[in-house]
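Take a look at the structure set out below.
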Amino acid sequence: MSLNSAQKKAIEFINGPCLILAGAGSGKTKVIINKIIYLINHCKYKADNITAVTFTNKSAHEMRVRLSEYLNVLEIKKIIISTFHSLGLEIIKQEINALKFNSNFTLFDEKDQIMLLKKICHKDKNIEDDIQSLKKINIMISYWKNQFYTPLQAESLANSHLEKKIAYIYKKYNDYLCESNILDFDDLICIPTLLLKKNQKIQHYWQKKISYLLVDEYQDTNNSQYELIKMLTKIDSNFTFVGDDDQSIYSWRGANPENLLLLKKDFPSLKVIKMEHNYRSSGRILKVANSLISNNIHFLKKKLFSNLEYGDLIKVIVGKNEENEAEKIAKKILYQHAIKKIKYQDCAILYRGNYQSKILEKVLIKANIPYNISENSSFFSRPEIKDLISYIRVIINPNDNYAFMRIINVPSRKIGLITLNKLIQWADKENKSLFQISDDIEAKNLLTERTKNKIKKFIIWIKKITQLSYLQPSDILDIIINDIKYEMWLSKILKEPNQIKNSIDNIHTLSTWFKNMLQGDEFEQPMTLSQIVTRMTLRDISNNIKKNKRDKVQLMTLHASKGLEFPVVFMIGMCEGILPNHKSIYHNNIEEERRLTYVGITRAKKQLFFTYCCQRIQYGQIMHMSPSRFLFELPKEDLHWNTYISSVKSLQKIEKNKLKIYHIRKILKQYKKLKYE
DNA sequence: GGACTTTATCTTTCG
DNA sequence: GATAAAGTCC
């Protein structure tokens, strides 16, 4: 394996804290992989004592696969390669005795959280419980948790009536989680961190266990993750963090790129190694990317260079309207495919928002161009998957009220909302779970015999399944699907044959996944039912879902494109209001939009196209669009515009109008609400 | 459980 | 304004 001098330095620096500033396409993963191998083969480190943390399951899996080229599977299994959340979970599981709850805890995902918040807020007449407000409350609570504020602290820090109220909800929320033995995603980071802070013995154990820590995508860490890192690396500060401040595009999710700077303060002996040699993009693409990002304020200077050929001019394609823009892209792709013999799969179309893909799809279908939209983790939010997982959750922990509520009448057992509400009231009053109440339904007089019998039948069935725990997880799942005649139910409630087929396919995917989990793959041990559900909640299913590898044009958001590369890249909707997005303009958050653009540009290996259109329909009105300010930040001589550019002045006028409209909409919305009250 | 009406969304979304 | 999801009514 050939390494350049920066890469070599990054790998061989092992005594002390090390930050690798890895520019886009500079061989970041390669360095992490080789450093792990170096630590094992040339230093005192054993595989057991090395931990690599990534942000997504996907990259954790990729890292394992790439390591398997150099190490044997037994050795790889010993290295902890996981996401922050899985690592936190691991610590919690091992230290469960030092914690307040017991080992059969369940994990709450975002939807569960919202449901719980709804329940809490519903009782309180003074707080709105529409989904929007609930989501805001959830974000607030998450923020507090990640700052390690207790509900009490949050209340004392709250500086408005509303915040005080939310702090109170936070307390209720936390109490409920505690009582029900439930953790949310933030807990997975915060609980271990607090435990390590509090308990010296446990801290020492983990610092010894993780004697070398590597963190990928370091610029994406948030406050609590940074605290956890500090706890784990306290003794000798031997670690390697890899990041790129220019690719920080998740600040809206709590990521704190300033952690890069904090590192220098917290670890004065920090060695910063820059990797600036780009092996991906043509010289011109790199020049353009550098020139764009130089408009951001930088604390750590870095400039990418490339030895590859300079490459073609970067084309700016302008359409009359959105459809015309899409048509021009389709034409370009057809041309590239037919004349230049470029494969469809080597082309990517990147956009700011998912909504932009719609017209694109329409045109691509018309042009007969195969495409693939990278679907996020929507698999898990599919109703059919949620249903089945809820069944499993009830089997593991019958007192899981949310799962219970979801399945009691799916498929229909003729147990309606009225009955369910009665059950909920009883459960509240007697401080029992819905399952416990239903199990003792005979004692309740307010229900008809018929209803009682229906509930009894359901409870007996659950108990029966619960007793099957000696069977394999996948068998249990199959029995459930069979018993409740789920496929029949789906074909009944769904109208479109396509939808039915899709849903049933999803069930089969889930079933296959269970079977794989059972056998364990090269990196995995066989799992229990409860472990599988945990993995599902952590969305850790990537290696088992078939990848669509056929020759298709790739459509995805700029965010989703991070970490990938394509020979030909189209960045569409390059106009003011879309990129940068009007909300970001309004909130004065241009730098992150610029980084997002930078990420997009640096995905391209050989050819780069910017496209936009002059006119688009937004919020029902025809809007005149002007080219993105970012296009004017690129060197003129490297761009080739295929049409007349409207003057910047008219651009600003339009932008003002658009902001006005945005505000009017907001006011109208509030007005509507007022009228109701 | 289906037909109809209302409401929300128009920025990104990991675990 | 267009669309999809959620809510309401029978």
Side-chain angles (χ1 to χ4, degrees), chain A residues 53-60 82-89 107-113 130-133 135 138-139 142 146 183-189 216-217 220-222 224-225 248-255 322 350-359 374-378 380-381 383 409-412 414 416-417 489 492-495 534-542 556-563 573 577-587 589 592-593 595-597 599-600 616-623 658 661-662 665-666 668-669 672-673 676:
Chain A
V53 177
T54 62
F55 268 80
T56 60
N57 294 305
K58 200 175 139 205
S59 42
S82 73
T83 60
F84 268 110
H85 291 88
S86 303
L87 179 64
L89 182 70
L107 285 180
F108 251 26
D109 73 6
E110 219 152 13
K111 282 211 170 122
D112 301 319
Q113 286 178 300
D130 60 295
I131 296 160
Q132 245 186 325
S133 317
K135 276 185 180 164
N138 199 24
I139 289 169
S142 170
N146 282 303
L183 302 181
D184 66 20
F185 284 133
D186 296 324
D187 288 332
L188 290 181
I189 312 292
D216 192 14
E217 304 282 9
D220 288 338
T221 49
N222 66 21
S224 58
Q225 287 161 341
S248 165
I249 52 175
Y250 285 106
S251 70
W252 48 275
R253 216 168 56 189
E322 273 186 283
L350 310 180
Y351 38 80
R352 178 70 236 260
N354 284 308
Y355 64 96
Q356 290 173 267
S357 70
K358 203 154 271 172
I359 295 177
S374 86
E375 279 186 84
N376 30 39
S377 56
S378 56
F380 302 95
S381 38
N409 205 28
V410 173
S412 171
K414 308 274 178 197
L417 268 178
W489 160 255
K492 206 170 139 193
I493 58 159
L494 298 172
K495 286 177 206 155
T534 305
R535 285 283 293 273
M536 297 263 339
T537 317
L538 289 173
R539 310 280 135 109
D540 192 0
I541 190 178
S542 53
M556 66 189 85
T557 62
L558 287 162
H559 283 90
S561 75
K562 195 167 139 192
I578 292 187
L579 187 64
N581 187 270
H582 66 266
K583 278 191 186 168
S584 300
I585 298 171
Y586 180 64
H587 291 116
N589 199 10
E592 182 140 323
E593 297 289 304
R595 287 194 290 268
L596 200 48
T597 312
V599 167
R616 69 170 56 226
I617 297 167
Q618 261 184 336
Y619 309 117
Q621 277 125 336
I622 294 174
M623 298 292 232
K658 226 181 314 175
I661 288 168
Y662 177 61
R665 294 239 155 210
K666 256 188 162 173
L668 267 177
K669 230 183 193 172
K672 263 190 195 166
K673 262 191 186 168
Y676 263 111

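This one's a predicted model, so the numbers in the text were calculated from it and none came from an experiment. Chain letters run A, B, ... following the sequence lines, proteins first, then strands; residues in each count from 1.
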Could you tell me the separation between the CG atom of A:L596 and the CG atom of A:N581, rounded to the nearest 0.5 Å? 9.5 Å
Tell me: OH of A:Y355 to C1' of B:dT13, nearest whole Å? 16 Å
Between B:dC10 and B:dC14, how far is it from one P atom to the other, in whole Å? 16 Å
What is the separation between atom CD on A:E322 and atom P on C:dT3, rounded to the nearest whole Å? 13 Å
If you assign each of A:S584 and A:F84 to its closest nucleotide in DNA chain B, which residue comes earlier from the 5' end? A:S584
Nearest-Å distance for atom pair CD1/C1', residues A:I359 and C:dT3: 13 Å
Identify which nucleotide among B:dC10, B:dT13, B:dG1 has an atom closest to any side-chain atom of A:H559, counting heavy atoms from C-beta outward. B:dT13
Given DNA chain B, 5'-ward residue of the pair A:G353 and A:L188, judged by closest heavy atom: A:G353
Nucleotide nearest A:N354 (side chain, heavy atoms from C-beta), chosen from B:dT13, B:dG15, B:dG1: B:dT13
Can you tell which of B:dG15, B:dT11, B:dT13 lies closest to the side chain of A:R253? B:dT13
Main chain of A:S251, side chain of A:E592: is a donor-acceptor contact present, judged purely on distance under 3.5 Å? yes
Give, for atom CG of A:L89 and atom CG of A:L183, the distance between the pair rounded to the nearest 0.5 Å. 8.0 Å
Using the benzene-type ring in the case of Trp, are the ring centres of A:W252 and A:H559 under 6.0 Å apart? yes
Expressed as a whole number of angstroms, how long is the span from A:R352:CZ to B:dT9:C1'? 16 Å
Once you round it to whole Å, what is the distance between C1' of B:dT12 and CG of A:L579? 11 Å
C:dA4 and B:dT12: how far apart are their P atoms, nearest whole angstrom? 16 Å
Mind calculating the distance between CG (A:N222) and C1' (B:dT13) to the nearest angstrom? 14 Å
Using a 4.0 Å heavy-atom cut-off across all strands, classify A:F185 as base, sugar-phosphate, or nothing. base
Could you summarise the pairing of DNA chain B as dot-bracket text, marking Watson-Crick and G-U pairs under 3.5 Å with ( ) or [ ] inside the strand and | across strands? ||||||||||.....
Round to a whole Å and report the spacing from CE of A:M623 to P of C:dA2. 15 Å
Can you tell me how far P of B:dG15 sits from CD of A:E217, to the nearest Å? 12 Å
When rounded to the nearest 0.5 Å, the distance separating CG of A:N222 from CZ of A:F84 is 8.0 Å
Can a donor-acceptor pair be found, under 3.5 Å and without considering hydrogens, that links the side chain of A:R616 to the backbone of A:E322? no
Using modelled atom types only, decide if a donor and an acceptor are shared between the side chain of A:D216 and the backbone of A:S59 within a distance under 3.5 Å. no
Measure from the side chain of A:N57, starting at C-beta and using heavy atoms only, and say which of B:dG1, B:dC10, B:dG15 lies closest. B:dG15
Could you please name the option among B:dT13, B:dG15, B:dT11 that lies closest to any side-chain atom of A:T557? B:dT13
With the side chain of A:Y250 defined as its heavy atoms from C-beta on, choose the nearest nucleotide among B:dT13, B:dG1, B:dG15. B:dT13
Any sub-3.5 Å donor-acceptor pair from A:E593's side-chain atoms to A:N589's backbone N or O? no
